[in-house]
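The next block holds one structure in the form of structure tokens; read it before the comments.
This structure is a prediction, so every number in the text was calculated from the model and none was measured.
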Amino acid sequence: MLALAAALIAGEAAGQVSARLERSHLTVGESTTLHIVVEGTDAEDPGLELPPGLEVLGSSRSKNVSWINGKLSSQTVFRYEIGPTEAGRFEIGPILVRAKQETFRSGVLTLSVTAAERSVGGRGAGPASLSVEAIPSDPVVGQLVMLRVRLIQRVAFAEDPQYTPPTTSGFWTDKPSAPESFYADQDGERVLVTETRMRLYPVASGTATIGQAAASVVVAAGGLDDPFAWLSGRARRELVVRSRPTQVRVRPLPAGAPPSFTGAVGAFDVAWSPDRARTSRDVPITLRLEVRGRGNLPLVRPPELDDPDVEVFARTVEDSLSEPGTDLPGRKRFQWTVLPRRQGTLTIAAPEFAWYDPAARAWRHVRAEPVTVEVGPPIFSGAQGAGEFPAHLAREPLDPGARRAAPWAWALGGLVFGAAVALWRTGGARAAHGAERAQQLEWLRAIGRASGPDFWRAADEAAFWLEEHGQLVSAVRERIAAARYARTTDADAEPVRRRLVEQLSRAMAPAHPRAALRLAAIVLAVGAIAWLWLFRPAEGDPGARRLALEADQSARAGELNPARANWLSLWRAGHRHPALAARLAWSEVERGALGPASLWVLRGEAAEPRDPALAWATERVREAGGLVGSSAPRAPITSLEWSIAALLLGVLAGALWPRRRAALAAAVLLVVAGAWQPVEGWWIEHSGRAVVMRAAALEGEGIELQPGQVVTVEASREGRARVTAGDAVRGWLPADAIGRL
């Protein structure tokens, strides 16, 4: 008997919802942002119900996804811009979020709104004026300064104003925000204010001067000061308004800076992580120090990474700042590409990060928790150097055209062999009844010819045998008993004679040709053996073996491109061997092409499971960061094992005959063993599995999928493909960014 079992273990963090307000105190006319964070599950849009007096001004959605130890961790962030229409104290929530079959609930948030009117300082004079304000006006070196420029308009403009920003010598400047307009009160007069903001970072201590801002405006001529301007044709008047220079006193940073200080000023949080938890000795990994918070992120220099267990090859920096003109938190990521110096479990400490906190007027420094990375043996095993042919592949000779056992053919052969066993056993079983048949024939002769006491004795024995075999002869036995112990005539024996002859003739089993059954069984067995020999595993085409050997020799000589070309031509010729896919995967890892390497691993697994060369290549690709999101594509049973199982089940079905139910159960299992691989291959071919070949962002999700990640293609349309990554991420990718099996 053959027992098969399969288990799928899927883990996902329990869903969790949290909500927070960026500002919990507002005045009428201002706004705040509500953040709703859903972790661990794919969520629908929240059921946000605001109390009267609040309204939604805008909304957005973003998603962050990370893979930790092969498991998907997702975070969805919903943002709602909320503005009050009246003063008061408002409670928001609890907010309900539905995810799959569950509903999650956040806490209750409180928002206080006052009725103070928005106002601008200063006294109004003329059609328009410009004001420039630096907040704060006495920063320390490197501290974020918000430069706010306001054009205050008291009359209607005939044209859009032409604005010239102020000079900002002594500052590192960011992009200005888009102009925003609102009505406000200035000294009891309603004015229209157009505001532009820009982030500044002072680079040296001392007094820095922000120059004049200028705006060229065109107003309609006339009014109380010139009521007859229209007679002279002066219907328009152009004015240039300027702001006053602004002095900013920049204080130096206090003494006592930590040795790890690299220019950060503000309030920050730090996270330390590797891009994957496993690698090989000769495959680099990326370590990331992510700094989040409010401050001078553009000016922060990378800290030093010095760990004896890794060698640093490259360093990169990524910025993700908030919108221009805002002081919302931003992110800066420092990345180091490193190569492990030894095998085993490496514990890599994070570089210390230090900053000055101007709000607390104190120095801060923190070292994030160290990370652990498992380092396996190098791709180039033994004493070989980089670029040489791996010993794990060299130990597995490649016969690309080798014929594998066909389970369906062995299932048919097993069925024929089982029929031969059943015929052989049937012939033997019939022969065991030969003595009984001879006894029946003897009774027929005695009953037909004998008379007197001899007749009644033979009749009694025959009737007893008939009764044991379920025949209704009770009346006949009564007559026989009466005749044996009383005087009767031969005429009284005739009805009994006829009845017994008739029933014995019906009960007698027909004579089976034992020799013919045994001969048929032998013929079927020989035919089954010939059929199995015809579909036995066999060597492939000598030409394909010769080409594979030449390719391996080229790889040993360091000529990888010719070797790869030969391997690729063999695969395209129809030689779907897992060891061939392993060589192609290794060649792609050598070229640094993680996407194609992952694709070749999946193709090899679809050809045949549990190949030693492919298992080695799979581990190398995983250690390089590929095959993220991949699961076992098929049952880990080879074609030869399926074939042997089908053959044994066929023999078992014949041995169980004539117990029909047991024989039928064995025959059903035989069909399953013979059809499993073809059906499974068809399912893999049509499952839509694909590999991300290059870094590409999911449209509408803001998530970038990395090369080597395994996805499922749900639909294709106009050069795009809708894919699923894990259970929680779906979106559209360019069709040329993925490779299919």
Side-chain angles (χ1 to χ4, degrees), residues 11-68 71-86 88-113 267-269 271 273 290-294 320-323 325-331 333 697-705 724-732:
E12 185 179 77
Q16 182 178 350
V17 174
S18 60
R20 66 177 179 87
L21 288 168
E22 278 194 359
R23 298 173 60 194
S24 57
H25 298 276
L26 300 175
T27 59
V28 176
E30 295 180 326
S31 65
T32 185
T33 302
L34 170 64
H35 297 262
I36 303 173
V37 181
V38 183
E39 297 183 354
T41 186
D42 193 18
E44 301 175 2
D45 289 348
L48 180 62
E49 296 183 2
L50 296 179
L54 299 180
E55 61 181 355
V56 176
L57 306 177
S59 64
S60 65
R61 171 178 176 160
S62 63
K63 181 178 289 185
N64 300 320
V65 175
S66 60
W67 294 89
I68 302 175
K71 294 183 179 180
L72 183 68
S73 174
S74 65
Q75 182 186 77
T76 305
V77 181
F78 301 91
R79 296 179 178 86
Y80 295 89
E81 192 71 17
I82 296 176
T85 58
E86 59 185 54
R89 182 180 177 85
F90 304 95
E91 289 189 348
I92 303 175
I95 301 168
L96 303 181
V97 179
R98 185 172 178 81
K100 297 183 179 177
Q101 303 299 322
E102 298 183 80
T103 300
F104 302 94
R105 183 188 304 264
S106 75
V108 178
L109 305 175
T110 302
L111 177 63
S112 298
V113 182
F268 304 101
D269 293 319
S273 64
E290 193 167 277
V291 180
R292 292 180 179 268
R294 291 181 172 89
S320 179
L321 304 179
S322 57
E323 292 293 325
T326 66
D327 62 348
L328 298 177
R331 174 182 63 82
R333 178 186 290 170
L698 283 174
E699 296 180 12
E701 293 289 341
I703 299 171
E704 187 173 77
L705 301 183
T724 300
D727 295 329
V729 181
R730 290 177 176 82
W732 290 90

* Asked: About how many Å separate CD of Glu49 and CD1 of Ile92, when rounded to the nearest 0.5 Å?
  -> 12.5 Å
* Asked: Out of curiosity, Ser31 OG to Glu22 CD, how far, rounded to the nearest 0.5 Å?
  -> 9.5 Å
* With a 3.5 Å cut-off and no angle check, do the side chains of Thr33 and Glu81 form a donor-acceptor pair? -> yes
* Asked: Taking all atoms of both residues into account, what is the closest heavy-atom pair of Ser112 and Arg89, and its distance?
  -> OG-NH1, 3.5 Å
* What is the distance from atom CG of Leu21 to atom OG1 of Thr32, rounded to the nearest 0.5 Å? -> 5.0 Å
* Mind checking whether Glu55 and Leu50 have side chains closer than 4.5 Å, heavy atoms only? -> no
* Do Val97 and Thr76 have side-chain heavy atoms sitting under 4.5 Å apart? -> no
* To do: Any chance you could measure Leu34, atom CG, to Ile95, atom CD1, to the nearest 0.5 Å?
  => 5.0 Å
* Apply salt bridge (charged side-chain N to carboxylate O under 4.0 Å, His left out) to Asp45 and list each qualifying residue two or more places apart in sequence or on a separate chain. => Arg61
* To do: Taking all heavy atoms of Glu91 and all of Thr110, pick out the closest pair and write down the distance.
  => CG-OG1, 4.4 Å
* Asked: CD1 of Ile36 to CZ of Phe78: how many Å apart, nearest 0.5 Å?
  -> 7.5 Å
* Asked: Can you name the closest pair of heavy atoms from Tyr80 and Ser59 and give their distance?
  -> CD2-CB, 3.6 Å
* To do: Enter the distance from Glu290:CD to Arg333:CZ here, rounded to the nearest 0.5 Å.
  => 5.0 Å
